[in-house]
Amino acid sequence: MQVWKDYQAQNKDRFLDELLALLRIPSVSADSRYNKDVQQCAEEVKQRLVEAGAENVEVCPTAGHPIVYGEKIIDPSLPTVLVYGHYDVQPADPLELWHSGPFEPVIKDGNIYARGSADDKGQFYMHVKAFETMQKTNSIPCNIKFMIEGEEEVGSANLGIFLKENKERLKADVVLISDTSMISLEDPSIDTGLRGLAYMEVEVTGPNRDLHSGVYGGAVANPATILAQMIASLHDENNHITIPGFYDKVQELSAEDRAALNAAPFDLEEFKKDLGINDVWGEKGYSTIERTGIRPTVEVNGIWGGYTGEGSKTVLPSKAYAKISMRLVPDQDWHEISDLFTKHFEAIAPKSVTVKVTKHHGGSPYVTPTDSVAFKAAQQAINATFGKEPIPVRGGGSIPIVALFESVLGLKTVLMGFGLDSDNLHSPNEKYGLANFYKGIETIPYFHKYFAELSK
């Protein structure tokens with residue numbers, strides 16, 4: 001479709017400028033100090049959809065941050081694609097590790113450096129510009145709806161309510177999401193599944209106040225030490241998770257499926273070099289690709305307690321804390337796993353401390369069908385612009401609401417991401433390649449074209 005290429009070439013600088021403007025808005029959903037910025041970002045997304053040609057665009061309030069909805073119905077008899085994305089971003093901490101301001105986007109070495117550049121502003125905005133391309137060239141082949149939310153990074157607590165209250169408005173044939181990665185631009189891939197998530201916070205309390213570590217040390221349990229011991233016990237010598245019942249429902253892949261998974265291009269030495277590590281770590285008996293795609297995990301996301309300021313303070317802390325996430329695989333249920341974790345963590349605590357476990361949020365794992373019309377449309381779209389068949393892979397991350405789309409709306413999801421695993425998601429110096437951004441805009445119209453054709 002030369003008309004698409006021409007339009008995109010003529011407007012590529014404007015496309016980028018608009019994305020950079022969105023990236024300057026610190027739409028951090030986890031921190032209430034940014035609530036006004038999150039609202040501003042929602043309004044900006046609404047304006048961009050209107051300008052692109054969407055209709056019935058509105059900022060829909062929820063009990064938390066709003067959801068932006070828009071649509072273009074060209075013919076009710078044609079298939080409908082529901083595009084999902086999120087405009088909220090992770091906190092930028094630790095700020096001192098950023099090479100440039102997290103909300104002051106910088107283009108360097110072909111990458112856009114900014115919080116949210118890859119996750120997910122840069123990726124959902126590809127869909128807005130792909131839609132504009134089709135709209136302005138009078139070539140939209142199917143109906144398109146947009147649902148861009150502001151709470152994905154904090155568990156999408158209000159999205160389920162919105163889905164249930166708007167089933168009729170959200171009627172579609174498939175959900176299309178770009179919030180995942182591909183192997184590389186040289187080896188494009190499509191995620192065929194995502195891991196689930198259970199996110200917990202633990203609090204270990206010892207004495208009723210901070211104590212002098214000389215006067216009381218050795219006689220009173222130190223919550224920080226106890227917490228460290230409890231966390232360490234969650235894995236055995238083979239890095240196998242020790243929570244009773246944790247693996248009971250894990251879906252094991254066949255030898256053939258494992259071999260196919262490991263056939264994907266992967267350079268272990270380059271992987272270690274990129275991360276600055278001497279060796280990998282993980283569950284014995286599984287490759288790195290398997291550990292990050294088809295095996296469940298328990299990870300500490302943050303740990304603190306006692307004095308952490310400058311200089312020294314010899315204190316035995318009253319409390320110690322940790323945030324712990326578990327990535328889950330089919331057929332693990334995040335509610336069950338959260339309960340198993342809570343029961344186990346409370347059981348292994350010595351009598352010298354008390355333990356409080358808080359369940360924050362989670363979501364179910366998801367496997368997308370690879371024989372569907374929508375998946376085939378994604379394969380053909382990538383083949384059309386990359387010149388090669390995409391490799392099917394399992395994603396290690398989680399998009400908890402994907403399972404919700406199926407249970408509430410009855411819709412399958414296609415995960416057509418254009419980011420890279422090396423884009424520093426959730427980390428300092430998050431980046432997104434200019435080539436990836438433009439390639440997504442180029443490819444997405446082909447998905448709609450082939451989905452419409454294959455749906456006939």
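Throughout, residue positions are numbered sequentially from 1 according to the sequence presented.
- A parallel orientation is assigned to the rings of W304 and Y321, their planes being inclined by less than 30° (bins at 30° and 60°).
- Ring geometry, F447 versus F451: the interplanar angle falls under 30°, so the pair is classed parallel (tilted spans 30 to 60°).
- By the salt bridge (charged side-chain N to carboxylate O under 4.0 Å, His left out) test, K129 is found to be paired with E18, E132, residues two or more places apart in sequence or in another chain being considered.
- S364 is listed as a side-chain neighbour of W334, based on a closest heavy-atom distance under 4.5 Å.
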For this session: Kindly determine whether L176 and M416 satisfy side-chain contact (heavy atoms from CB on, under 4.5 Å), including the steps that lead there.
Result: CA-CA 7 Å; L176 179 62; M416 195 167 72; 4.1 Å; yes
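- A donor-acceptor distance shorter than 3.5 angstrom exists from the side chain of N222 to the backbone of A224, with no hydrogens or angles considered.
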For this session: Could you walk me through whether F246 and H344 pass ring-ring contact (aromatic ring centres under 6.0 Å, His included), step by step?
Result: CA-CA 10 Å; F246 187 84; H344 177 65; 10.0 Å; no
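- A donor-acceptor pair under 3.5 Å links the side-chain atoms of N429 to the main chain of H99, judged by distance alone.
- Qualifying side-chain hydrogen bond (donor to acceptor under 3.5 Å, both in side chains) partners for K388, counting only residues two or more places apart in sequence or in other chains: none.
- Ring-plane geometry between H361 and Y199 is classed as parallel, the angle between the planes falling under 30 degrees on a 0 to 90 degree scale with a further cut at 60.
- Side chain of S338 to main chain of K359: no donor-acceptor pair is present (N/O by atom type, distance under 3.5 Å, no hydrogens or angles).
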For this session: Given ring-ring contact (aromatic ring centres under 6.0 Å, His included), test F418 with F437 step by step and report yes or no.
Result: CA-CA 7 Å; F418 292 85; F437 176 61; over 10 Å; no
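- Taking the ring centroids of H65 and Y87, they lie at or beyond the 6.0 Å cut-off.
- Under the 3.5 Å distance criterion, the side-chain polar atoms of E290 are matched with a main-chain donor or acceptor of S287.
- Side-chain atoms of E430 come within 3.5 Å of backbone atoms of A118 as a donor-acceptor pair (strictly under, hydrogens ignored).
- The pair R24-E104 does not count as a salt bridge, with every side-chain nitrogen at least 4.0 angstrom from each carboxylate oxygen.
- Comment: R327 does not engage E299 in a salt bridge, judged by the lack of any side-chain N to carboxylate O separation of less than 4.0 angstrom.
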